[in-house]
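Notes for the one structure printed next.
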Amino acid sequence: MSEVYTTIIGLEVHVQLATAGKLFCGCSTRFGGEPNTQTCPVCIGLPGTLPVMNRNAFELALKTAVALDCEIPAFTKWDRKQYYYPDLPKNYQISQYDLPMSQHGYLDISDPKGGFEPKRVRILRAHLEEDAGKSLHDEIAGKGDSLIDLNRTGTPLLEIVSEPDLRSPLEAKTFLTELKLLLTYIGVSDCNMQEGSLRVDANVNLHIDTPQGKVATPIIEIKNMNSFRAVERALEYETQRQWREWQETHRKLGDAPKQTRGWDDVAGVTRGQRSKEESSDYRYFPDPDLAPVTVGPQEAETIRQSLGELPAALRKRLEADFGLSVYDADVLINQGRPVVAYFVDVAQATGDSKAAANWVTQDVLRTLKDLSTTIEQLPVTSAALAVLIRKVRSGDVPSPRAREVFQAKVEQRIDAAAALESLGIAAVDESELVALCQKLLAANPKTITDVRAGKTQAIGALIGQAKKQNPNIDPTRFRKICLELIEAGQQ
Ligand SMILES: [Zn+2]
């Protein structure tokens with residue numbers, strides 16, 4: 001087979017906006033309430049009720065659109081999308097069809113591990129719509145019943161649709177990770193996938209080079225993926241499945257209707273569900289109950305200025321101004337703004353961004369995880385960590401014991417001086433170190449011969465002996481003094 005294929009992936013992401021109330025009524029959007037306790041005549045679709053747009057939801061949607069560099073039209077409207085769903089009692093969903101509130105933006109992605117070339121993924125559109133409720137099947141064991149919870153009905157969702165610019169499951173996963181980072185940085189959503197605040201549908205097909213020219217396989221939409229890893233796995237599976245199907249059937253785009261397949265995370269397979277509806281099936285028409293929304297020319301600009309530093313700019317600054325590796329910058333940024341601010345404080349206070357990055361990405365993050373706490377609650381403030389780093393540099397704290405000091409500060413909430421005292425750490429002055437070196441070199445003449453023959457690693461044995469005699473010895477300083485003494489012939 002000389003045929004080669006390209007994987008074509010586009011994503012549709014539904015993000016629940018972090019508003020207290022629903023999109024067209026004041027009911028709470030809180031997760032986990034008793035079923036059907038967060039409803040009213042508007043969101044359960046009783047006749048005669050009138051929806052009123054939640055301005056806060058629209059503002060969060062605008063914020064997202066601006067952060068994605070979308071065009072914001074001056075005028076946008078609401079449309080009814082008709083379908084029968086048991087968990088949407090109005091029998092239509094209020095959405096946006098031909099005039100979405102934003103379109104034509106982009107999101108740049110790159111992989112710190114170099115799995116693909118950095119690329120710009122175009123955003124086709126982002127529009128607002130209301131969520132449906134939730135059907136619960138067979139909750140009362142064996143009864144075969146179906147129950148409906150309408151708490152979620154009417155919750156504001158922003159649907160973000162990418163162009164089919166993604167070329168691998170890894171690119172798709174990276175896009176989602178970067179999008180989630182952006183959304184959480186600007187505070188428009190908690191993006192909690194377990195609670196359904198972020199849901200992803202993936203469209204995928206293959207473009208195959210054949211001796212007769214390029215051929216596209218039918219587009220498959222995959223649903224039911226509960227994590228970014230699941231999205232990646234589902235796309236990997238579906239790519240292979242479509243390639244196998246092509247080899248067996250040579251079925252092309254146009255030969256089959258667009259199909260929806262559900263991802264089974266346990267079995268690791270996608271399964272056919274239904275033919276995909278075309279937009280004409282939904283009989284969209286403008287919602288007569290809702291006024292169109294206008295956005296003033298200055299509004300987008302005002303929002304742009306209020307966004308703060310976005311992750312992409314922050315990543316560049318950490319790399320350019322603090323010399324961080326792409327990997328370290330990524331680790332910090334993924335922890336959120338407060339951790340980045342902590343790092344910046346430590347780096348600026350010590351003038352040593354390498355040491356600051358090492359401490360924050362290792363001991364600090366591990367401690368936060370172990371204690372299940374936040375950086376604001378960490379007993380070691382950025383100023384206190386800066387003091388510790390300076391003490392290591394000045395030799396007051398031997399570097400191998402710095403971690404113990406950090407731990408003591410975390411556990412006992414004491415300052416550096418008290419931690420040093422409780423651990424019995426005392427600075428070893430230069431003369432003590434020289435004396436110890438001389439003593440050990442005199443007792444180990446072979447070490448001197450070895451070092452003179454170029455085997456400087458022979459010093460290692462002496463360092464071990466020195467630490468036994470005084471645990472406060474700084475191995476780096478000790479090693480340096482030994483080498484200098486041997487070189488000067490003063491041992
Ligand atoms: Zn309501």
Side-chain angles (χ1 to χ4, degrees), residues 12-31 38 40 42-43 50-79 81 93-107 123-131 152-162 178-192 195-199 286-287 289-314 336-337:
E12 290 174 22
V13 184
H14 284 88
V15 180
Q16 179 179 332
L17 298 173
T19 56
K22 294 185 180 178
L23 187 49
F24 300 111
C25 65
C27 293
S28 168
T29 56
R30 191 174 64 85
F31 178 82
Q38 293 158 214
C40 73
V42 173
C43 57
L50 278 177
V52 177
M53 185 187 79
N54 177 344
R55 188 74 209 178
N56 182 227
F58 193 81
E59 281 163 6
L60 294 182
L62 265 184
K63 211 171 166 181
T64 311
V66 170
L68 288 168
D69 255 306
C70 287
E71 293 165 11
I72 316 286
F75 176 92
T76 183
K77 68 174 173 68
W78 302 100
D79 300 282
K81 182 182 184 182
Q93 177 193 32
I94 304 176
S95 181
Q96 299 196 283
Y97 183 47
D98 53 336
L99 295 173
M101 51 82 55
S102 68
Q103 55 189 346
H104 308 317
Y106 66 84
L107 184 67
I123 305 291
L124 174 64
R125 57 189 274 159
H127 68 257
L128 267 166
E129 62 187 26
E130 56 178 348
D131 204 352
R152 214 174 64 186
T153 309
T155 296
L157 297 180
L158 186 68
E159 179 173 343
I160 301 168
V161 184
S162 88
E178 189 68 18
L179 180 64
K180 179 179 169 182
L181 191 63
L182 181 70
L183 298 171
T184 46
Y185 261 70
I186 62 176
V188 296
S189 174
D190 63 17
C191 295
N192 185 333
E195 295 181 1
S197 304
L198 193 154
R199 284 167 262 160
D287 192 308
D289 288 344
L290 282 160
V293 189
T294 53
V295 181
Q298 269 308 306
E299 208 167 329
E301 195 43 47
T302 310
I303 289 172
R304 196 182 307 279
Q305 284 164 14
S306 72
L307 284 177
E309 197 172 25
L310 298 180
L314 192 51
R337 276 191 214 277

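In what follows, every heavy atom counts, from backbone to side chain, and hydrogens, waters and symmetry copies are set aside. The structure displayed is predicted, hence computed values, not measured ones.
Residues S95 and D79 fail the side-chain proximity criterion, which asks for heavy atoms closer than 4.5 Å. M101 places a side-chain heavy atom less than 4.5 Å from the side chain of L158. In this structure, the side chains of L198 and N192 stay at 4.5 Å or more apart for every pair of heavy atoms. Using a 4.5 Å cut-off on side-chain heavy atoms (C-beta onward), V293 and F58 make contact.
The closest donor-acceptor contact from the side chain of S102 to the backbone of A126 lies under 3.5 Å. A donor-acceptor pair under 3.5 Å is formed between the side chain of Q38 and the backbone N or O of S28. The backbone N or O of Y97 lies less than 3.5 Å from a partner atom in the side chain of R125, making a donor-acceptor pair. Side-chain atoms of T29 never come within 3.5 Å of backbone atoms of T155 as a donor-acceptor pair (strictly under, hydrogens ignored).
Ion pairing of D287 with K81 is absent here, as no side-chain N (NZ or NE/NH1/NH2) approaches a carboxylate O to less than 4.0 Å. Look at K63 and E299 and you find no salt bridge, because none of the NZ, NE, NH1 or NH2 atoms lies under 4.0 Å from a carboxylate O.
Considering every non-hydrogen atom in both T153 and C43, the closest pair reads CG2-O, 3.3 Å. A pairwise comparison of heavy atoms in C191 and S189 identifies N-OG, 3.0 Å as the closest pair. Minimum heavy-atom separation, V188 to L60: CG1-O, 3.5 Å. For W78 against A291, the heavy-atom pair with the smallest separation is CD1-O, 3.7 Å. Closest approach of E71 and P73 over heavy atoms only: O-CD, 3.5 Å. Of all the heavy atoms in G196 and Q16, the pair that sits closest is O-OE1, 4.4 Å.
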Could you go through D131 and K22, starting from their C-alpha distance and side-chain angles, then the distance that decides it, and tell me whether this counts as salt bridge (charged side-chain N to carboxylate O under 4.0 Å, His left out)? CA-CA 9 Å; D131 204 352; K22 294 185 180 178; over 6 Å; no
Applying side chain to side chain contact (heavy atoms under 4.5 Å, CB included), run through V52 and F24 and close with a yes or a no. CA-CA 5 Å; V52 177; F24 300 111; over 6 Å; no
Residue pair I186, T64: steps toward the side chain to side chain contact (heavy atoms under 4.5 Å, CB included) verdict: CA-CA 8 Å; I186 62 176; T64 311; 4.3 Å; yes
Step-by-step side chain to side chain contact (heavy atoms under 4.5 Å, CB included) determination, L157 to L17: CA-CA 6 Å; L157 297 180; L17 298 173; over 6 Å; no
Please lay out, stage by stage, how Y185 and L307 fare under the test side chain to side chain contact (heavy atoms under 4.5 Å, CB included). CA-CA 9 Å; Y185 261 70; L307 284 177; over 6 Å; no
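Exactly one residue among E129, H127, E159 makes a side-chain contact (heavy atoms from CB on, under 4.5 Å) with P100. That residue is H127.
Atom OG1 in T184 sits 9.0 Å away from atom CZ in R337 (nearest 0.5 Å). The CZ atom of R152 sits 15.0 Å away from the SG atom of C27 when rounded to the nearest 0.5 Å. Note that the OG atom of S162 and the CG atom of L68 stand 11.0 Å from one another [nearest 0.5 Å]. The CD1 atom of I94 sits 4.5 Å away from the CD atom of E130 when rounded to the nearest 0.5 Å. For the atom pair D289 CG and M53 CE, the distance stands at 15.0 Å (nearest 0.5 Å).
There is a side-chain donor-acceptor pair under 3.5 Å between Q96 and T76. Inspection of the D190 and S197 side chains reveals an N or O donor paired with an N or O acceptor under 3.5 Å.
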